[in-house]
Amino acid sequence: MSCCPLDFNVIWFILVGVLFTGYAMLDGFDLGIGALHLFTKNDTERRTMLNAIGPVWDGNEVWLVTGGGALFAAFPNVYATVFSGFYLAFMLLLAALIFRGVAIEFRSKQPMRWWRQMWDIGFSVGSLFSSLLIGVALGNIAWGVPIDGRGEFAGSFLGLLTPYPLLVGVTTLALFMMHGAIYGAMKTEGILHDKLRGWAMNSIIFFVICAAMTMMATLLYAPHLAARVRDNPWFFSIALANMLAIANIPREFHHGRDWRAFVSSCAAMITLMALFGLNIFPNLVYSLPHPENSLTIYNAASSAKTLGIMLIIAGIGVPVVIAYTVCIYWIFRGKVKLDRMSY
Amino acid sequence: MDVLALSRIQFGATIAFHYIYPPLSIGLGVQLVVMEGLWLKTKDPIYHQMARFWTRVFALTFAIGVATGIVMEFEFGTNWATYSRYVGDVFGSALAAEGIFAFFLESGFLALLLFGWDKVSRTLHYFATCMVCLGAHFSAIWIVVANSWMQTPAGYKIVMHNGVERAEITDFWQLLFNPSSMDRLFHTLCGAWQAGAFLVVSVSAWYLLRKQHLDFARASLRVGLSVALIASLLQIVSGHSSAQGVAKNQPEKLAAFEALYETTSDAPLTLVGWVDERNEKIIGIQAPGMLSFLAHNDVHATVIGLNEFAPEDRPPVQAVFQFFHAMVAIGFAMLGIAALGFLYFRQGSLPERRWLLWILVFSVLGPQVANQAGWFAAEIGRQPWIVYKLMRTSEALSAVVQANVVLASLVLFAVIYFLLFAVFIYLLNDKIQHGPDAADLVPSGKLALPS
């Protein structure tokens with residue numbers, strides 16, 4: 001696989017990656033805002049946090065739904081193996097995502113203190129666990145999971161909670177908290193804005209430490225995850241771009257350019273996912289300890305005809321989606337102002 | 001209990017709970033399009049007040065619909081992995097299309113619908129309302145197409161892949177327009193329009209009984225009853241057409257609907273009854289020749305009975321029969337209620353007929369129960385197949401998932417959904433008791449500008 005023709009399978013490998021990267025960039029800040037939610041001190045601050053993501057979180061979550069649908073359609077064997085193999089983990093993720101979602105809608109519908117506290121906790125804990133579980137799942141895919149000769153998952157739930165995936169889980173949480181704090185700073189003003197800037201600086205430090213540890217652990221214990229970059233030093237430029245993007249976040253932030261810090265944070269996510277994709281390619285699920293059982297973009301894929309049809313669907317749909325999503329973000333630009341329609 | 005039973009209960013319970021909400025989103029979406037359209041046309045502020053009030057109810061149903069919908073997408077993979085491998089090539093593309101064409105549209109423009117009132121012009125806001133409604137309908141199209149493919153597979157071939165059989169697309173348009181998809185789509189949409197319309201009717205009738213918000217209630221009733229009547233009429237037509245499709249494409253399902261064991265001409269239609277499965281008889285009231293007529297437009301036509309099929313290929317008869325008959329009975333009742341309500345409303349005597357107002361208050365349950373019963377009849381009627389004549393439900397499970405973890409997730413969902421339902425009812429009741437906001441009679445922000 002030194003040189004790959006750009007066939008449908010490769011295109012769908014990239015597109016599924018784009019969908020999940022889009023999810024991380026967009027819902028990542030929603031989850032980050034959620035994880036930071038309990039640090040706020042009063043009701044107005046909490047409502048402001050909620051309304052910063054209020055109009056957009058729902059659309060952001062659709063990236064995950066569509067990513068899952070695309071995985072099902074393009075690589076049904078990966079969808080089937082991972083979702084049945086990670087059964088309990090995904091059930092917990094579903095529970096966390098449900099609480100996160102309904103809490104946003106329900107919280108401000110009643111004035112009672114206990115009511116709001118209950119949903120504040122649901123929102124925050126739901127967001128925190130969602131981030132963590134997504135990271136743990138990603139960490140397992142990166143590290144490799146036991147796959148048997150039939151392509152079925154051959155491990156256990158506790159087997160998924162090993163140190164490396166947990167480290168990736170915490171790193172993902174840190175990344176989303178940083179991303180959310182920067183987004184929050186963009187959308188707020190006054191005291192809350194200053195607080196969010198403080199949290200952003202702390203979470204940048206938290207993320208950089210986690211990222212460095214993950215990087216080190218990967219190079220020491222999972223050398224297969226760096227194999228392609230090792231073979232082709234040109235790809236190191238992506239790693240370099242990633243480091244520069246991360247370094248640029250505190251720089252922009254220091255100069256008060258929140259918006260540019262947010263773009264840098266997105267760039268850091270894109271380059272991280274690109275590195276991840278590049279190194280697992282052409283595997284989608286790396287099998288450990290039997291690499292020959294790995295699910296690849298070829299043995300796990302749908303037929304070329306289906307991949308072609310899906311490409312037409314994506315070609316029609318995705319540009320339209322991106323166009324109106326950009327318009328909607330544009331309409332809701334600027335600082336959050338609470339009014340009677342707000343959450 | 002074994003993993004098959006638990007997985008079926010879990011999927012059935014989570015989809016049944018989920019399906020309370022999407023029909024409301026689709027049906028209320030139509031109501032919002034009509035109400036806001038009337039406001040733009042007539043400039044009467046009462047329609048603005050209506051659109052604002054029903055938007056708040058819409059937001060509530062939408063939130064739970066989204067939260068419980070993701071569960072469905074995950075469950076194909078978590079619980080039915082063998083099925084997912086088998087159908088992914090066909091079924092997966094419909095799900096992915098649903099995400100791209102429907103969910104993004106709905107949730108993107110929902111932002112403008114809910115929070116855009118003061119930010120954008122009237123026309124743009126109305127456009128957003130239409131897009132949310134359209135998105136909800138698109139999602140119905142794709143998911144019903146996918147489900148219909150499981151009922152009447154078309155446009156596919158069976159191929160060996162990695163030593164395992166699976167279905168692959170041969171013709172996308174045949175898959176999309178498979179023999180049952182359009183009938184079932186129309187039937188599902190009519191049910192959804194009824195669900196939304198009767199919710200509006202129910203709440204408005206309640207206000208009339210309480211002698212509150214009278215202008216609001218009358219204007220809402222006008223919109224609600226009109227849509228309810230049209231949708232209920234169309235529903236009868238679509239139900240008839242669907243049943244004829246079932247007779248042609250899934251004869252054992254039709255036989256189970258009517259508990260017809262022996263193939264016979266002049267087949268009778270049971271109005272109410274109980275199936276004596278051991279003696280293969282029905283105890284109840286029957287209309288002779290009517291089943292033949294409804295299925296084949298001829299009272300003497302031959303209708304295929306269950307005995308033509310091997311016992312292991314038949315669906316469970318009693319459940320399918322009762323769910324089907326409950327759906328049909330409620331369908332006709334809804335038409336009668338909508339027609340009576342509409343008639344007296346036009347006469348202006350509805351507010352004095354308290355008995356009818358009470359019926360209208362409870363009419364909101366009708367479409368909900370009928371929608372559930374109809375889906376139970378359709379899905380249990382397909383058994384023992386998960387994909388009709390291609391794959392059995394018992395062969396579709398995940399290979400690696402054990403009964404105890406399914407039990408754990410089932411308990412988890414039961415607790416969460418019970419909580420969600422209690423909160424939903426509590427908040428819905430709160431909104432209804434609070435009623436429309438007087439401040440909404442005066443448009444604010446950009447909406448206040450002359451258009």
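Lettering follows sequence order; numbering is per chain, from 1.
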Tell me, for [X] versus chain A, whether the close heavy atoms (under 4.5 Å) come from the side chain, the backbone, both or neither.
X        : answer
B:Tyr86  : neither
B:Gln10  : side chain
B:Leu112 : both
B:Leu60  : both

Non-hydrogen atoms of chain B under 4.5 Å away: do they reach the side chain of [X], the backbone, both or neither?
X        : result
A:Ser303 : both
A:Ala301 : backbone
A:Ile331 : both

Name, in order of residue number, those residues of residues 92-103 of chain A that have a heavy atom at a distance of less than 4.5 Å from a heavy atom in chain B; otherwise write 'none'.
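Within residues 92-103 of chain A, the residues that come under 4.5 Å of chain B (heavy atoms only) are A:Leu93, A:Leu94, A:Ala95, A:Ile98, A:Phe99, A:Val102.
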Using a 4.5 angstrom heavy-atom cutoff, name the option from A:Gly54, A:Gly317, A:Ser84, A:Ala300 with the most pairs to chain B.
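Result: the option with the highest number of such pairs is A:Ser84.
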Side-chain donor-acceptor pair present, A:Tyr343, A:Glu105, cut-off under 3.5 Å
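A:Tyr343 vs A:Glu105: donor-acceptor pair found between side chains.
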So, B:Ser398 versus B:Asn79: side-chain donor-acceptor pair below 3.5 Å or not?
no
Whether A:Arg107 and A:Asp120 form a salt bridge (side-chain N of Lys/Arg under 4.0 Å from carboxylate O of Asp/Glu) is what I want to check.
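Here A:Asp120 pairs with A:Arg107 in a salt bridge, since their nearest N and O are under 4.0 Å apart.
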